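Worksheet: the structure to be examined is printed underneath.
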Amino acid sequence: MTRALAEAALNARVRRFVFASSVAVYGAASVAGEAFREDSPVAPHPDNVYAQSKRAAEEILLSDGAALEPVVVRFPLVYGAGVKGNMATLMRLAASGLPLPLAGIDNRRSFINIPNCVDFLLTAACHPNAGGRILLATDREDVTTPDLIRAIAREFGKTGGKPARLFSVPPRFLRAMCSLLGQRARFEKLAGSFQIDPAASCALLGWSPKVSLAEGIAQMCAEHKCARGAGGRDALCGVQTM
């Protein structure tokens with residue numbers, strides 16, 4: 001599919017092909033205190049089909065698409081209106097008001113909100129320094145899972161939502177319990193670190209995030225509440241329901 005699309009773009013005399021890839025090509029987690037960068041080695045055998053497909057597409061574009069001036073942008077989890085997956089799970093946990101044994105988790109994770117993601121893609125499409133590059137983009141504000149849950153709960157709390165109720169259980173016990181329940185991989189996505197350092201890409205393009213992490217979370221929660229208030233009729237709020 002990627003090769004066919006690239007060939008079609010070439011035939012249409014498209015000058016630059018910007019591909020939205022994923023930091024999943026680096027693996028499932030980063031080492032504590034060590035963020036992935038543009039030149040960090042990718043995982044030799046990505047652990048899921050999604051990462052495998054992204055890496056294969058990158059290789060096609062970077063090896064065969066020189067005439068297209070390819071640009072590969074590796075994004076972390078993108079959050080905002082209609083978010084699903086892990087962020088949607090965190091939103092449900094934060095909104096539940098249930099006691100959660102996550103206060104002892106001291107990880108760091110990188111994210112990017114939709115406005116910043118779009119702005120970076122537009123910059124990469126036009127900037128003279130971007131051609132042929134592998135680039136990274138984040139909100140440039142890494143956050144722990146407990147702090148992320150607290151931030152989401154605060155936004156829901158502004159309209160009567162329940163406050164976050166976190167207590168501490170040693171992560172090794174949580175990890176062991178999740179392993180016994182066959183949920184080790186899910187726990188690692190929640191409690192593990194995945195840090196990205198986009199400093200070189202930002203300097204190369206002269207780019208900085210326009211929307212902060214706090215602003216992005218506030219927008220996401222407001223859109224989520226709007227969608228739920230509309231009974232899932234996303235056309236009324238301009239967002240996609242989950």
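Model, not experiment: these values are computed from the prediction.
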For D142, salt bridge (charged side-chain N to carboxylate O under 4.0 Å, His left out) partners two or more places apart: none

Pairwise distance CZ(R15) to SG(C126) - rounded to 0.5 angstrom: 8.0 Å

Donor on one side chain, acceptor on other, Y79 and N86, under 3.5 Å: no

Single-linkage hydrophobic cluster I134~F75, side-chain heavy atoms < 4.5 angstrom: no

Closest non-hydrogen atom pair, R16 against G131: NH2-N, 3.5 Å

Any side-chain heavy-atom pair of Q52 and H45 under 4.5 Å: no

Polar side-chain atom of N107 near backbone of G192 as donor-acceptor pair, under 3.5 Å: yes

Same apolar cluster (I L V M F W Y, side chains within < 4.5 Å links), F156/L166: yes

Main-chain N/O of S22 paired to Y50 side chain as donor or acceptor, under 3.5 Å: no

Heavy-atom donor-acceptor pair, S30 side chain to A35 backbone, under 3.5 Å: no

Side chain to side chain contact (heavy atoms under 4.5 Å, CB included) partner of L90, the single match among L148, V83, L102: L148

Student check: side-chain heavy atoms of R154 and R150 closer than 4.5 Å: yes

Polar side-chain atom of D197 near backbone of A199 as donor-acceptor pair, under 3.5 Å: yes

V71 side chain near F17 side chain, heavy-atom distance below 4.5 Å: no

Salt-bridge criterion met for E38 and R133 (N-O under 4.0 Å): no

Side-chain donor or acceptor of T2 paired with backbone N/O of A57 under 3.5 Å: no

Heavy-atom side-chain contact between R140 and C202 under 4.5 Å: yes

Distance-minimising heavy-atom pair for T138 and P209: O-CG, 3.8 Å

Worked verdict on L100 versus R165 for side chain to side chain contact (heavy atoms under 4.5 Å, CB included): CA-CA 6 Å; L100 301 172; R165 300 170 62 193; over 6 Å; no

Co-membership, hydrophobic cluster, residues V23 and I112, 4.5 Å side-chain: no

N113 side chain near V78 side chain, heavy-atom distance below 4.5 Å: no

Joint hydrophobic cluster, L93 plus I152, side-chain heavy atoms closer than 4.5 Å: yes

Worked check of side chain to side chain contact (heavy atoms under 4.5 Å, CB included) between S21 and V25: CA-CA 8 Å; S21 188; V25 301; 4.2 Å; yes

More than 12 heavy atoms from other groups under 6.0 Å of NZ on K210: yes

Side-chain donor/acceptor of T145 to backbone N/O of L190, under 3.5 Å: yes

N/O donor-acceptor pair under 3.5 Å between N116 side chain and V211 backbone: yes

Contact list for residues 162-208, test ring pair (Phe, Tyr, Trp, His ring centres under 6.0 Å), sequence neighbours left out: F36-F194, F120-W207

Inter-residue atom distance E215.CD - E141.CD, 0.5 Å rounding: 8.5 Å

Residue pair Q195 / S110, side-chain donor-acceptor N/O under 3.5 Å: no

Under-4.0 Å salt bridge between E188 and R184: yes

Salt bridge R55-E59, side-chain N to carboxylate O under 4.0 Å: yes

Point-to-point distance, once rounded to the nearest 0.5 Å, from CD of Q183 to NZ of K189: 11.0 Å

Cluster link L121 to L204, ILVMFWY, side chain under 4.5 Å: yes

Short side-chain donor-acceptor distance under 3.5 Å, R92 and T89: yes

Nearest-0.5 Å distance that lies between atom CZ in R74 and atom CG in L135: 10.0 Å

Carboxylate-amine/guanidinium contact K225 E155, below 4.0 Å: no

Within-4.5 Å side-chain heavy-atom neighbours: L174 and P101: yes

Interatomic spacing from CZ in F111 to CD1 in I217 - rounded to 0.5 Å: 8.0 Å

